[in-house]
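A quick write-up on the structure given underneath.
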Amino acid sequence: MLQSKVRTDDYIHKGKRQILLDEISNKGITDKAVLNAMMEVPRHFFLDPAFEVIAYENRAFPIGADQTISHPYTVAYQTHLLQIRKHDKVLEIGTGSAYQACVLAKMGARVFSIERQKKLYDYNNKFFYLKEFPEIKRFLGDGFKGLPGFAPFDKIIVTCGAPFIPEQLLEQLKPGGIMVVPVGEGEKQVMHRITRHADGFSEEVLDAFSFVPMLEGVQRK
Ligand code: SAH
């Protein structure tokens, strides 16, 4: 499991982070706002100290409860697709380690993030770094339902593999709003970007990724 002791972010971490971001940029995500936000968030804080030396490799890692912190390239890719503007109201499905939520918050978004696993939700209540982010509101719940009480949202990001496009989330999107969601069961999911217009939705079908599955219901233990 992750640990909550205060940790440092020194020049070695920053140097490794810069190298990782150069790699992401070379792979095609050159969006400065996204890269700057990822430079500001110390990714190693989200991992157990045992993984710290490899925190800046471009790969996913276990965060406990059989879940992973997304691959940095995937975070950059999804965040870029969202076209975040300051003060955007963003719904995230799958808080996990809260890394993605912090990147969004650094870009000026007001983040509403849902996690279905109580263990991960509870862990984040004690996670020291999140105390710097009062603009991130976290919820224990089922992401398939979204947060109707807080809708509509400017942007919605699903960070687990959805078996289909969740209808209730589409309904919670503002006109002009964007939802980014990996869709597919099994090994691979295909990234979809859906834009809501005054008179309906349009959809772009993009690259394939590998996500942990989006599951129904709340897991309390
Ligand atoms: N955004 C996370 C990625 C975590 S992996 C990060 O930055 O670390 C995806 C997460 O989605 C897991 O924690 C998993 O428990 C959660 N999840 C899966 N199905 C869900 C659902 N229906 N509602 C909310 N969270 C869900």
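As the structure lists them, so they are numbered: ligands from 1, and atoms in each ligand from 1.
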Run the numbers for me: atoms of ligand 1, each under 4.0 Å from some heavy atom of [X], listed by number.
X    : result
Q100 : 1 (N), 7 (O)
M214 : 18 (C), 19 (N), 22 (N)
V212 : 5 (S), 9 (C)
S70  : 3 (C)
S97  : 6 (C), 7 (O), 8 (O)

For this session: Keeping the roles fixed (side chain from K118, backbone from E115), state whether a donor-acceptor pair exists under 3.5 Å.
Result: no
Exercise. Under the 3.5 angstrom rule, does the side chain of T159 hit a backbone N or O of G94 as a donor-acceptor pair?
Worked result: yes
Exercise. Where does the angle between the aromatic ring planes of F127 and Y129 fall among parallel (under 30°), tilted (30 to 60°) and perpendicular (over 60°)?
Worked result: tilted
Exercise. Parallel, tilted or perpendicular for F112 and F153, by the 30°/60° rule?
Worked result: perpendicular
Does ligand 1 have any atom sitting under 4.0 Å from a heavy atom of [X]?
X    : result
V218 : no
Q219 : no
G217 : no

Exercise. With only distance considered, is I69 within less than 3.5 Å of ligand 1 through an N or O on each side?
Worked result: no
Exercise. With only distance considered, is G94 within less than 3.5 Å of ligand 1 through an N or O on each side?
Worked result: yes
Exercise. Which residues pass the side-chain contact (heavy atoms from CB on, under 4.5 Å) test with R85, sequence neighbours left out?
Worked result: D88
What is the nearest protein non-hydrogen atom to [atom], stated with its residue, atom name and distance?
atom                    : value
atom 26 (C) of ligand 1 : R116 CG, 3.6 Å
atom 5 (S) of ligand 1  : T68 O, 3.1 Å
atom 23 (N) of ligand 1 : G143 N, 2.7 Å
atom 12 (C) of ligand 1 : Q67 OE1, 3.3 Å
atom 22 (N) of ligand 1 : L215 O, 2.6 Å
atom 9 (C) of ligand 1  : T159 O, 3.4 Å

Which segment of [X] sits under 4.0 Å of ligand 1 when only heavy atoms are counted:
X    : answer
T95  : backbone
E216 : neither
P213 : backbone

Verify whether one side chain among [X] and [Y] offers a donor that lies under 3.5 Å from an acceptor in the other.
X    : Y    : result
E40  : N36  : no
H13  : Y56  : no
Q100 : T79  : yes
E92  : S113 : yes

Problem set entry | Working for ring pair (Phe, Tyr, Trp, His ring centres under 6.0 Å), residues Y99 and F45 | CA-CA 9 Å; Y99 176 71; F45 285 177; over 10 Å; no
For this session: Taking the side chain as every heavy atom from C-beta outward, state whether M38 and I24 have any atom pair closer than 4.5 Å.
Result: yes
Seminar exercise, completed: Closest to atom 16 (C) of ligand 1 (heavy atoms only, candidates Q117, E115, H71) is E115
